[in-house]
Amino acid sequence: MTDIKSLTKDELTDLIKGMGEPGFRAGQIYDWMHKKQARSFEEMTNLSKSLREKLSEECEFVSLKIERVQESKIDGTRKYLFELGDGNLIESVFMKYRFGNSVCVSSQVGCRMGCRFCASTIDGVERNLAPSEILDQIYSIMRDTGEKVSRVVVMGSGEPLDNYDNVLTFVKLLTDENGLNLGQRNLTISTCGIVPNMKRLAEEKLQINLAISLHASNQAKRQELMPIANKYSIDELLDACRDYFDKTGRQLTFEYSLVGGVNDTDGDADELADLLKELNCVVNLIPVNPIKERDFVESTGERVQSFKKKLEKRRINATVRREMGRDIDGACGQLRRRHISEKHDGN
Ligand code: SAH
C-alpha cells in the first residue's frame with residue numbers, strides 16, 4: 001500500500017491521475033494532509049465518498065497514536081510517546097520558548113550509533129522512520145496542543161543521516177509552501193558525524209541548519225565516547241563542517257555534552273577553542289543527562305560556567321542548553337525505555 005503522506009505533491013498528482021481522477025484532486029488531498037493536518041480520509045469532506053473509499057483501499061494513511069504524554073511541571077515541556085502502525089514506539093518533545101514553540105522529532109526507532117551516554121542506542125536500531133512518521137510527530141503535537149510550531153529540530157532518537165533519503169523527503173514536505181511551509185532556516189538536523197552524508201547534504205542547496213554532536217576536543221577522547229569516531233576522524237569531520245558552511249553559509253552548531261571528569265576541564269575547553277577557531281560556529285554546552293544504564297555524571301554548575309567562560313575568552317560563542325523537562329525523562333530514549341520495561345514488568 002502506498003504511504004500517501006510520504007509523497008511529494010508531484011508524486012501524489014501522478015498517483016491521483018493514475019486513479020483516473022483530475023489532477024486538482026491531488027491539491028485538495030495534499031492540503032488536507034499537510035495544511036489542515038487531517039487524521040483520515042474521512043475528514044476530507046470535499047472529496048466524493050467513492051474517492052475516499054478508493055483511497056482507503058489503496059493507500060496507508062499514517063496517523064500516530066498518542067500512547068503517553070508527560071508534561072513538565074517546571075517549564076511546560078511535553079514529552080510524547082507515540083505508537084506507530086506496527087506497534088513500535090517513538091518519542092518527541094514539545095518545548096515552549098519565548099520566541100515560539102519547538103518540536104524535537106525522532107528519525108529512527110532506536111539507533112545504531114552507540115554513543116556511550118545515550119539511552120536511545122542501548123538496544124540498537126529497530127528500523128528507519130518513513131517521512132510521514134517523522135512529519136506526523138509534528139502534526140499530532142499541533143493537533144493535541146492546538147499550538148503553532150515555529151521551529152523543528154531532528155534531535156530525538158535515531159541518527160538522521162543514517163536515514164538520509166527519508167529525512168530529506170521529510171525536509172521537503174515540511175518546508176513545502178503547499179504544506180506547513182516551515183522556513184528552512186527554522187529547521188535543524190543534528191548528526192553524530194556521518195561524514196559522506198554531511199557532504200551530500202551540503203550539495204542539496206538547502207538553508208537548513210546543521211548541528212554536530214562533537215562532545216570531545218580530540219580524536220582519542222571522541223573515540224571513547226562515540227564509536228562513529230572510529231570510522232570518521234575528527235579532522236575529517238571538521239573538514240565536512242567547513243564544507244557545509246562554505247556551501248550553505250549557515251552557521252554551524254556544535255553540541256558538547258559535558259561529562260564530569262571526562263571532557264569538562266579548562267584544558268578541554270582550550271583544546272576545543274583551538275579546534276574550532278577558524279569556524280563560524282556556536283558551541284551548545286549540555287550538562288550530560290545521566291541515564292541509569294551508564295555511570296557518567298554531569299559536570300557541576302561551576303564547571304559548566306568556567307568551561308563557557310574559557311571558550312568565550314577565546315572568542316568562541318557558547319551557550320548552555322536550558323535544561324528542559326528534566327523531571328520527565330527528557331533525555332533521548334529514556335521515556336520509551338521506561339515505558340517498555342514497565343509494560344514487561346506488568347505482563
Ligand atoms: N543522532 C543525532 C541526533 C540525536 S541525539 C546526533 O547524534 O546528533 C541529540 C543530542 O543529544 C546529541 O548531541 C546527543 O549526543 C545528545 N545526547 C544524547 N544522550 C544524551 C545525554 N544522556 N545527555 C546529554 N546529551 C545527550
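Whatever order the structure lists them in is the order used to number ligands and atoms, beginning at 1. Below, each value reflects all heavy atoms present in this structure, side chains not excepted, and no hydrogens, waters or symmetry copies.
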For a 4.5 angstrom cut-off between non-hydrogen side-chain atoms, does [X] reach [Y]?
{"X": "I194", "Y": "M113", "value": "yes"}
{"X": "M226", "Y": "R116", "value": "no"}
{"X": "D268", "Y": "L258", "value": "no"}

Ring centroids only, cut at 6.0 angstrom: are F254 and H215 within range, meaning strictly under it?
no
Determine, using ring centers only, whether Y80 and F94 are less than 6.0 Å apart.
no
Which ligand 1 atoms are under 4.0 Å away from a heavy-atom of [X]?
{"X": "N289", "value": "21 (C), 22 (N), 23 (N), 24 (C)"}
{"X": "T191", "value": "6 (C), 7 (O), 8 (O)"}
{"X": "C192", "value": "6 (C), 7 (O), 8 (O)"}
{"X": "C118", "value": "18 (C), 19 (N)"}

For atom 1 (N) of ligand 1, the option (of E159, E255, Q108) bearing the nearest heavy atom
E159
May I ask you to decide if the ring planes of Y30 and H34 are parallel, tilted or perpendicular, using 30° and 60° as cut-offs?
tilted
Please confirm whether G156 approaches ligand 1 to less than 4.0 Å, judged on its heavy atoms.
yes
Would you please determine whether G158 falls within less than 4.0 Å of ligand 1 on a heavy-atom basis?
yes
Ligand 1-proximal atoms of H215, by part, heavy-atom distance under 4.0 Å:
side chain
Side chain, backbone, both or neither: which applies to S190 and ligand 1 if a contact is any heavy-atom pair less than 4.0 Å apart?
both
Do P290 and ligand 1 have an N or O pair less than 3.5 Å apart?
no
Any N/O of M155 closer than 3.5 Å to an N/O of ligand 1?
no
Joint hydrophobic cluster, I286 plus V304, side-chain heavy atoms closer than 4.5 Å:
no
Test the R151-Y97 pair against the cation-pi criterion, namely NZ or CZ under 6.0 angstrom from the six-membered ring centroid and within 45° of the ring axis.
no
